[in-house]
Each structure stands twice: as structure tokens, then as C-alpha cells.
Novice: 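If you scroll down you'll find the structure; I have some questions about it.
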Amino acid sequence: MEKKRERKFLQGNDAVALGALYAGCKFYAGYPITPSTEVAERLAAWLPKNGGRFIQMEDEISAMAAVIGASLAGKKSLTATSGPGMSLKLENLGYGYMAEVPCVVLNVMRGGPSTGTPTGPGQADIMQARWGTHGDHPCIALTPSTVYEQFSQTVRAFNLAEKYRMPVIILSDEIIGHMREAIEVPLEGELEVIEREKPACAIDEYKPYDNSVLVPKMASFGQGYRYHVTGLNHDEYGFPTNSAKLIGLQEERLIKKVEENYDDIVQVEHFMCEDAEHIIFAFGSSARASKDAVLNLRKKGVKAGLLKPLTIWPFPDREISEYASKVKDITVVELSVGQSVREVSRAAGGRCNIKHIYKVDSKPISPVDIEKAVEG
Amino acid sequence: MAYNYEKYIRKGRLPHIWCPGCGYGIIMKSMIRAIDAMGWSKDETVIASGIGCASRLPGYLDFNTLHTTHGRSLAFATGIKLANPELKIVALGGDGDMSAIGGNHFIHACRRNIDMTVIVFNNNIYGMTGGQYSPTTPLGAKATTAPYGMLEPDFDICKLAVAAGATFVGRSTSYHALPMEKLFKEAFSHKGLSVVEIIAGCPTGFGRKNNQKTPTSMLLWQKDHAVTKQMAEKMSAEELEGKFITGVLYHDTSKKEYVENYDAVTGFSEK
Amino acid sequence: MAKSEIVIHKERCKGCEICVLLCPAQVLDIQDFKVNVADIEKCTACMQCELRCPDFAIEVTRL
């Protein structure tokens, strides 16, 4: 008998927890913070029944550290937080990029800065995700906008983390995290699940940070390849180095592993864009209102379409650039005074008009407001 | 026979970065002898550290080694242990690493009682950055950021560990190479969170400013001021003034080890 | 007849003098900022120097 997909009525945060289990996550470390706490609550209950372990750490810093530690020991690992917690995680997030340790970090965005509005949505952590931790570094960040995407993008985040050997950020927001929708849970095998590539070479031939490939294979602690891990610039064996040549090669490789895989990493949804004269650019909860706005505008005879990025970093430059030469204008909708509109303008390169509508009063933007912005 | 340290030293990594006369090399030797005596395999052993002079130690040793961010080694190690409880973990750092920037992780690791050993290399100073005062710099002692003498009362690392719930706590010095090795073995054998504080001299950052001009004088100071727990029990408070107590200071086998207890309570199953 | 053989790894020695000052038999001295075996005949093979050399620079073998 054919197995049928289970239909579940889920909260957005629950869907992340369920998606993590689907992807094979075996470790969660976190610290309570609104509006992400449900992820921790679900995994505290579910992980031990699924071959994994959960721990609530003493702070956000240590939660990020524990997640990297567990990944070094070979387990797929997740942590979840929101703005203030993300600010604290940045230290060890940078370590994750430098030491090339796969893991997934969920930021359920709320209003900010500082403690901000814990129970209201925000989309103003885009630049923090990209540039928050110091130094040049790569970044992959995904932006789900439905409960199903909370599930599927979590699976994809784990895949990208393992494939490119780096932390991957999911930028959700309070609305998506706390809303409930019915989803059909994919059956085992329906969504791709990527496992970490481990070395099989002779022990003394293993280079954990081999610069001759983009993504060196990663051994687990205890596997037999005893290597050194550090946040200092290091040579191909992981030992600290002051060699300008080695430092340069390593830094460039970190950036290139994302830059050279744009097509694999960047995912966008085109909604009624084919004949569109007006493009709306929106992600997360703002994309939901924007979709409604597109439908309403179409009813009025306005040829509108929605470009919804599921990957916000790397920024979908190519897609925006393509529309910029075809359409009259791109309207950027966001819960930030202008973090993504500047990026859209940069990618559009002056080839079309850029409009902007935003809200930063802890309330979502309504479809009516978006329609006015497109028509105005 | 000369002791074969080379078995555990990564090829080509010596000489180490520590200053002439720094006691950390003596501690590393005691660690090697203790690990060897435990019979731990190199593959199953993890040495984690934070940032600072002491934290450069793991890079020299042929184990799974992890040099983390400042003060965070215990948090990384906690993740490692929960992901693979089979691994033997030693996490180490200096006094600043463990009791200042990593103080929160230190007390909570003690409280949780996860099976690992924490070694605090206490040289009373931030050595790597050039001799600034730390939470263990004695009152009145000079440091580059305490040019008029240390104004803040210091931490007693061992008392802090006991108060926070560590189940094995001991102290030794870099002078006492053999008792230190014995203490390490006892700590490694303990099921739960063990803390070992090693009093060590920083000739460059501390000694020169505080009337201990040579490395040897620092070692002899340790010899003269260390009192074993057995001896201390027979001494008056007056006699103990200015001394510190060495040996196993606290040992409790009644508290449950965290991971074992987690697995039992949650019904954890490998799947 | 010497009781021991002492091997010095000069490239590791930093000349801190710990071994020289802790040696109970004045076997060692410092020359050109590195430890040197001045009089092997006096060595009792007590191993204090090897045990406390922080730089892995001295190996003593009892004969």
C-alpha cells in the first residue's frame, strides 16, 4: 500500500523542529527567547526519542558553541533564537565560518534594536545576518514565508550547511514563527537530505582545510583523523599560521564556496511575474501580504508580480537584475526602514524605478498599503 | 629511561610559544603522563581550550584538538560530549579564560556535572596580552592595568567550583610535577565534572612586576606556599596565612552524571 | 663511570635555567643562552631536570 503524507496543523516554529528531525538533526542547544522558544520546547521532547540530545544552555553564546561542538563530533545541529540572542551568537557564528563547521541557526526576527518588541515581527536583521560577525566571511541565509516553507527550508538549510561546510541562517519572523497552517508532511525520501562528506583517505594524507578544493571533507572527532580546529587563520592541517599566502588562500576559499555556487544556493519564487510590469520584492511575512496585493492588483488590471526570495543571502542579484531591464518598477516591501531596498537598488543598477514601502511599528504591512505603493 | 613524550606530541610543533620559564610546559608534561597512564586512545580523546597562553596547548598534542573562542571551551565541550559521550574530554584554559570571560560557562558546567575534566592554568595574570590583571591577581599585586596594585579581591577557583557543584575539585602547582600528574589521573578517573586548578608562574607578565625575578624563584615560591590538605588539617589559621592548599579538596560521587542521567530519564535511544 | 646519559634538544631550549637551579648536583650550566651538560659524572639520574623542563628539551636516561 502506498504511504500517504500526514496532514498536520502546525505552528511555524513547530515546523522548523519537525523539518530538523526530517533532515537528521541530532542535537539542539538553545536559550529561551521569544518568539523562537517553541522550537526548543518541541525538540526537548522529540530529540531523545529520535536518537538526539537537547540541552538548554546558560546563555546564547554557549548555545552556539555547543552546537558547533556537537557538529564537530559528527552530529547535525540546530539552535534557534531571536534578535538579542542573535547578537550574542555572532561571536561563535564567526568561529563556525572560520573553522568550517556545518550547523543551522534560526533567527525568528522580532522588532529591534535591543530588546525591541519580542512579540511583534521584524525584518531588520538582514544585514546582521550578512555582516554581523566581524571579518570577511561567507553567508547563506534563507527566508521562509509559509509554515510549509519553515519545514522545507529547514531541511534545505541543513543540506546547504553540510554541503558547504558552514553555518546556515534561517531568517524567519514572528508572524511566520507563530502562525498556524496545515501542511502535508513530506514522506521520507521526498525531500533530498544531504549527508556530510567524510574523508576516507589515509590518516596522514588528510587535510581538513585543503585549499585545493572548495569544500574539504570533514572528519568527526573520534573518527580517527586527529586534527586541530581553531578560529585563528590556519594552514591546511588546521594549525595556526602567519603565512600571508595561506591566510589569503583560506580567506578567499571561504568566500568562494558560496560565491561560486550561486545557482545551487539561491532560490526565488516568481509569482505572476511572466508578463508583469510591476514587480514586488518581498520575503517572509511581507511576501504573504504582497501575494494578496498582486492578486488584487491583477483584478484591477494592473500587471503586478511577486519576486519572493527564499534565499536572501547571497542576495538574488541576478534575478533582480533580469527584471530590472524588463519592468517599469520594483516595489520593495519590508519590515525595516531600508535594509533590503538598498540591496535591490544596487542589483537593479538604475535600470528601473525602485519604490519602497516599509513598517517598523511592530505591525505587519497590509495588502492595501502595498497596492497603493505599487499604484502610486 | 627518559619519558617518551614524543608519542603524544605532534611532529614539528615544538618549540612551543610559551616564554622562557613558563610553567605551562611542565603542566603539559604531567597531562601527557596522566593521559598515557589512563590508557586513553588518541582517537577517543578530545582536548579543548579557549583563548590565551594556556589555550595554545591543544595544538601541540596528537589528539582531537579544539582551540575555541575566549572562555567558551566548556560550552563547545558540552556539545561534543552530548553528541558523542564515548569521547574523553579535557577542557583547559587560563584564569582569565575560565573565571572572567568564561565564568558563566565554568559555573554552569560545574552545576551540570557532565563527565569531563576542566584544568585551570592559574598564573594570576593575562599573559598573552601582556600582563593585565585577572580575577585571580592577588590584592595589591602589580599588573600593567593595575599600576597602583590590584584593587579587586580575587577569586578562589576551587571554592568557586565546589560552590557551583563540581563533584571533584583539586589543586596543584607547576612545581609539583608528580603530585600534579597523580591529581590529573584522579580527576580523569572521576565520573562527572572534575576541576583541577594548577598554580603556575608567569615570569614575563607577573613575576617581573612582583618581586619574583626568575622562573625558578616562581617555582620555589609555589613549593614554599603549597600546603597539602593533610598538612593543612593540622595547621592553625595563623600558620595557613598566605598559603594555599593542594591535593584533592572535594570529591562527591553521589551526584548523577548529566549525560547518563539524560539518557535514562528521557528514554534516549540511538536511532 | 656516569650514571646517566643526558640528551639536550638545543633547538627547544629557551635558557630559562630552571633545570640548572633545581639540579641538586650542579650537573648543568648555561652556555650561549642554552642548557649545557657541564659535568655528567656528578649526575645521580634523579630526573628533576627532565621532569621540570617546560620545553621538552632534556632527556635523561639512567644507565
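Reminder, nothing fancy here: chain letters follow the sequence lines and each chain counts from 1. Side chains included, hydrogens not; waters and symmetry mates left out as well; all remaining heavy atoms used.
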Novice: Under a 4.5 Å heavy-atom cut-off, does chain A meet the side chain of B/Y262, its backbone, both or neither?
Specialist: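 Side chain of B/Y262 only, per the 4.5 Å heavy-atom cut-off to chain A.
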Novice: Go through the atoms of A/Y225 and report whether side chain, backbone, both or neither lie under 4.5 Å from a heavy atom of chain B.
Specialist: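 Interface part for A/Y225: backbone (N, CA, C, O).
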Novice: Would you compute the distance between atom NZ of A/K26 and atom CD of B/E270 and round it to the nearest 0.5 angstrom?
Specialist: 8.0 Å
Novice: Among A/L72, A/I68, A/I55, which residue has the highest count of heavy-atom pairs closer than 4.5 Å to chain B?
Specialist: A/I55
Novice: Go through the steps for B/T65 and A/V229 under the test side chain to side chain contact (heavy atoms under 4.5 Å, CB included), then give the verdict.
Specialist: CA-CA 6 Å; B/T65 57; A/V229 182; over 6 Å; no
Novice: Checking A/R53 side chain against B/L82 main chain: does a donor-acceptor pair fall under 3.5 Å?
Specialist: yes
Novice: For A/H228 and B/P58, which heavy atoms make the closest approach, and how far apart are they?
Specialist: CE1-C, 4.1 Å
Novice: Heavy-atom pairs under 4.5 Å with chain B: which of A/F239, A/Y227, A/F27, A/F54 has the most?
Specialist: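 Among the listed options, the one with the most contacts to chain B is A/F239.
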Novice: Spell out, as yes or no, whether a donor-acceptor pair under 3.5 Å connects the side chain of A/K49 to the backbone of B/T266.
Specialist: yes
Novice: Among A/S220, A/G238, A/A73, A/G222, which residue has the highest count of heavy-atom pairs closer than 4.5 Å to chain B?
Specialist: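 Maximum pair count with chain B is reached by A/G222.
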Novice: Calculate, to the nearest 0.5 Å, the distance between atoms CD1 and NE2 belonging to A/I61 and B/H105 respectively.
Specialist: 5.5 Å
Novice: By the ring-ring contact (aromatic ring centres under 6.0 Å, His included) test, which pairs, at least two apart or in different chains, include something from residues 9-58 of chain B?
Specialist: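 The answer is B/H16-B/W18, B/W18-B/Y24, B/W18-B/Y60, B/Y24-B/F121, B/W40-B/F188.
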Novice: If you compare all heavy atoms of A/G69 against all heavy atoms of B/I80, which two are closest, and at what distance to 0.1 Å?
Specialist: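 What the structure gives for the nearest pair is O-CG1, 3.2 Å.
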Novice: Quick one: which residues of residues 81-99 of chain A reach chain B at under 4.5 angstrom, heavy atoms only?
Specialist: A/E91, A/N92, A/Y95
Novice: Would you name the heavy atoms of A/R226 and B/R10 that are closest together and state the gap between them?
Specialist: O-NH2, 3.6 Å
Novice: For a quick test of reading the model, state the closest non-hydrogen atom pair linking A/G51 to B/F268 and the distance between them.
Specialist: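 For A/G51 and B/F268, the tightest heavy-atom pair comes out as C-CE1, 3.4 Å.
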Novice: So, for B/R112 and A/M57, which heavy atoms are closest and what is the spacing to 0.1 Å?
Specialist: NH2-CA, 3.5 Å
